[in-house]
Each structure stands twice: as structure tokens, then as C-alpha cells.
Number of protein chains: 2
Amino acid sequence: MKPSSLRRPPASHSARVREKRVRRSREILHAARVAFRERGYHGTTLDDIAARLGVQKTALYHYFPDKETILYTCHWEALEEVEQILGQALQREASSAARLRYVIKEHVRVMTETLEGSPLTFETTALSPTHAAQVIQRRDRYENGVRALIEQGIAQGEFRRVNSKIAAFAIFGAINWIARWYRPEGSLHAEELGSQFADHLTGGLTCQ
Amino acid sequence: MKPSSLRRPPASHSARVREKRVRRSREILHAARVAFRERGYHGTTLDDIAARLGVQKTALYHYFPDKETILYTCHWEALEEVEQILGQALQREASSAARLRYVIKEHVRVMTETLEGSPLTFETTALSPTHAAQVIQRRDRYENGVRALIEQGIAQGEFRRVNSKIAAFAIFGAINWIARWYRPEGSLHAEELGSQFADHLTGGLTCQ
DNA sequence: TCAAAGATTGAACGCAGGGTAAAATTTCGG
DNA sequence: CCGAAATTTTACCCTGCGTTCAATCTTTGA
């Protein structure tokens, strides 16, 4: 389940060293996420990412074989994150409406809190064919999960008889778009954002 | 009101020539929109755009001074398009709910029909400072118009007391995201898309 | 304290891709 | 059908950026 293309640590001895390496990898990925979100993949240079860590770009090659793999890993971890949400929703909530609300709220949280979700908005066209296939497959699995949730809601009479594909796209669009405008320093608070999104995207705007 | 940075036609004589030039400019902009939408601004090369027109990249320089201006013009015309929608909504519809529905439906149409709306999803960070300022100002005007619509709806008791900024972002996100997945050849029809989006983003999913 | 492993750097390479200039071709108006 | 204007092409320049590699600095563990 781990991204196979992380540069393999050459049979290191101590766990401490390995740990440090992992920490550094995370730092790189975080810097990359910030940069990619602001400038896009092609608009971001390895210097950009390295500069955020106060290091030369060549240092990055100790952790990732190339730029594209950094992008891929960002994608992969984001998918890991949101997939968990879906599982939790099914476990913790009973009604379809409550489950969908949970997914939206948590997805928004992942989006705003650590930026972990923003890779979902990166263009998959920049990935290598192999990586793209993996990412798209996994992303589809998540999307299908949410669609299934909507369809259950319809079957049980909780939701109107909508096209679940379109409904899911509307929800993901609203959430993913957050990466384009949300800034932690801004006036909008993540808390409010999550719950209002959940309300709006399930219950709508109009008064009942 | 026209983008001032189109390469100025050298005092041409016939109107016919001028017309042809405009037509060609439009073709270039269309090819650029398609390419930008697929690969992003930085991921698109001038060769890409030119190839779609069966021409060498240098031919483009007869119509636009540089790549960035092509992007800017895409943005500018998209804004022109959606601003009209807002005006029409105020004119044709009476209630806030109906107006908002109209805006969403038409915005979706512009998004799917000619791709005219997709530039709104291009990263403004790639624009030059001057161009970025213009685009952002105009985009804000549109967004504020929609926010005002929502606030009116709240004031008149049609909408719930939401944060209009967040609500507007949710709506724009859902719509703008269309550029990421919609393909004219696909199974989803634009008609259905527009009306379901309008329903979903105003009335929600849950049964009343 | 020291040797080995790990992390980072600096210099350099190669090439993709934006941009320029002048020549070649096509279109237009009379 | 001709000359001028408009358009496109051919050839080229050059910077930016991904990547490689050997050298250097740092950390680790005994």
C-alpha cells in the first residue's frame, strides 16, 4: 500500500535514522503541497520546494527519484486520507444524510487543516501513465463510495431522485475548490466552513 | 473594455481583413482554452496550441504579443460572459431563488457549451501583476454580485441565514470544477447538468 | 574518538520551450 | 494579373529547470 517509488533507503541500520528520513520526506511533501497548490505542478520548480526548506534542490533527490514522484506521492497520501473518512462515515453514522454530512465535513477539515487534501485538485495529467492509472483508480473508488452513499439515500427516501454522478461532482467540486481560495490566515474559520458546506450541499440554501 | 494588449492591427484597410484576423484570434483562443484546461497554463506549450490549428507556434505572435496575454484574454472574455449572466438574472427573474437558479444554470451552460467559462478556473498566479489585478478585480465584481443575490434572499426570508461568502464559494466551486471532468462526448448531458446543479445548490439533496 | 553511513552542496549538462528576426508564401484590392 | 499587405515559416537565440555526479559536510553508533 505504500508508494513503491520512494527512493529505497539502502538497508539502513538504526530505526532512528529511518525515522528521521521519514520526517524529512514529510517536510518535503508538505512544502511541495503548498507550492503545487499555489503555482500548479508545472509552475513549481524544484528550487521553489527546496527553498521552502532552506536547502538546495539537489538535496531532494536523496528522498525522491524525480519531481513527478513527489507529485504522485502527494496524490497518493491524499487519497489515503479521504478514503479513511468514507470508512469512518459508514461506521459512525446511520442515516445516509448523516453519513454524507460527515464525509463533507471531514473532507473539508482535511482540506483546510493540513492541506493534506489539496493534492486531489492537482492535475493528474502531469503524472506518468503508470502513476496516473493508480491514482485515477483509487480516486474513482472514493468517488464511487460517495455516489453509493447518495444512491442509498435515494433508495431510502432520504434524498431526492437525482443523478448521483452529478450530485457527487457538485460536492467534490465545492470541496476541492477550497484549495483555490482558502488561506489559513484569512477571516473564514475552518470550523464554520465545514458545517456550512455540509448543510448547503445536503440541505440546500432555501428555507424548508 | 477590450483587452488592450491584443497585438494592434497595423492600420489595416479593408474590414474583411480585420474580420478575418478577429476570427483567427478566436480560433487561437479556443485552442488555448482547450489546451489550458487539459494541461494547465504552464503545462501547455505554444507548440501545443499551434499544433491544434495546424500551424507553427511563431504564427501565434502575429495575434498575441506573448503567451501570458493569451491567458489573460481567455480570462477576460470569460468574465465578460458570466457578467452578462448576472445582469440578465436580475432583469428576467424576480425572486432571489429564481435569480440564483438562473445564474447557476447559465454559468453551467457557458461552461459546457463552448468552454467559454473554463478560463475562470485557470490559475491567476500565472498572470502578470497588471493583468492579474484587472482579472481579480473583475472576478470579484462578479462574485460580489452573486453574494449580494444570496444576501437579498436571506433578507427576504427565502434563504437560510448562511455566510454568503462561503455559500458563493461552494456554488462557484461546484461549477468551476466542471472543467475538470466534463467532456462533451461523455454520457452526461449539459441540459441535465445545469438544472440539477441549480436544484442541488439552491434546494439541496434532502427531501423537503 | 573514529570510521562508516547519511545528508547536502556545487558545478555542470542537456534540452525543452518562450521569444526574435528575416525570408517565403498567401491573400487582397484594384 | 500585379503590387502591397497580411500571414506563416524557417532558422536561430537563450534562459530556466530537471537531472547527474563527485566532493564535502554532518550524524551516528560503538
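In the text below, chain A, chain B and the rest are named by the order of the sequence lines, each starting its count at 1. Given the structure is predicted, the values throughout are model-derived calculations rather than measurements.
One atom, CD1 of Ile49(B), and another, C1' of dG17(C), lie 12 Å apart when rounded to the nearest Å. For the pair Arg39(A) CZ and dG16(D) P, the interatomic distance rounds to 14 Å; values are reported in whole Å. With rounding to whole Å, Ile28(B) atom CD1 is found 8 Å from dT8(D) atom P. Lys67(A) has its NZ atom 15 Å from the P atom of dA16(C), to the nearest Å. The nearest whole Å value for the distance from the NE2 atom in His62(A) to the C1' atom in dG6(C) is 6 Å. Whole-Å rounding puts the Gln56(B) CD to dT20(C) P distance at 17 Å. The nearest whole Å value for the distance from the CD atom in Glu27(B) to the P atom in dT8(D) is 9 Å. If you take CG of Leu46(A) and P of dG10(C), they are 16 Å apart, rounded to a whole angstrom.
Between Arg24(A) and dT8(C) there is a side-chain N or O to OP1 or OP2 distance below 4.0 Å. The side chain of Tyr63(A) contributes no N or O atom lying less than 4.0 Å from OP1 or OP2 of dG6(C). Under 4.0 angstrom from either OP1 or OP2 of dG6(C) there lies no side-chain N or O belonging to Arg21(A).
Relative ring orientation between Tyr72(A) and His131(A) is described as parallel, the plane-to-plane angle staying below 30° on a 0-90° scale split at 30° and 60°.
The six-membered or imidazole ring of His107(B) lies away from that of Tyr102(B), with a centre-to-centre distance of 6.0 Å or more. Ring to ring, His75(B) and Tyr41(B) are not that close: their centroids are 6.0 angstrom or more apart.
Glu38(B) and Arg52(B) are joined by a salt bridge, as a carboxylate oxygen and a charged side-chain nitrogen come within less than 4.0 angstrom of each other. Between Glu116(B) and Arg33(B), at least one side-chain N (NZ, or NE/NH1/NH2) sits under 4.0 Å from a carboxylate O, which counts as a salt bridge.
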Under 3.5 Å, N/O pairs linking protein and nucleotides 23-25 of chain D:
none

Is there any protein nitrogen or oxygen under 3.5 Å from a nitrogen or oxygen in nucleotides 21-28 of chain C, and what are the pairs?
unit_1	atom_1	unit_2	atom_2	d
dT27(C)	O3'	Lys20(B)	NZ	3.3

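Under the ring pair (Phe, Tyr, Trp, His ring centres under 6.0 Å) criterion, Tyr182(A) pairs with no residue, sequence neighbours left out. For Glu83(A), the side-chain hydrogen bond (donor to acceptor under 3.5 Å, both in side chains) criterion is met by Arg138(A), Arg141(A), not counting sequence neighbours.
Taking the C1' atoms of five terminal pairs at each end of the helix from dT1(C)-dA30(D) to dG30(C)-dC1(D), the two resulting helix axes are inclined by 30°, rounded to 10°.
Across the interface with DNA chain C, nearest-nucleotide mapping of Leu60(A) and Gly43(B) shows Leu60(A) to be the residue nearer the 5′ end.
Atom OH of Tyr63(A) sits about 8.5 Å away from atom CD of Glu27(A), to the nearest 0.5 Å.
Side-chain atoms of Arg39(A) do not come within 3.5 Å of backbone N or O of Thr44(A) as any donor-acceptor pair.
For Lys57(B) against dG17(C), a side-chain-to-base donor-acceptor contact under 3.5 Å is absent.
Tested against Phe197(A), the residues Thr202(A), Ile171(A), Ile178(A) include a single side-chain contact (heavy atoms from CB on, under 4.5 Å) partner, Ile178(A).
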Using residues 144-154 of chain B as the side-chain source, report each donor-acceptor pair under 3.5 Å to any protein atom, sequence neighbours left out, with the distance given to one decimal.
unit_1	atom_1	unit_2	atom_2	d
Asn144(B)	ND2	Asp140(B)	O	3.2
Arg147(B)	NE	Ser164(B)	OG	3.4
Glu151(B)	OE2	Ser164(B)	OG	2.5

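Listed here is the closest heavy atom pair of Met111(B) and Ala179(B): CE-CB, 3.9 Å.
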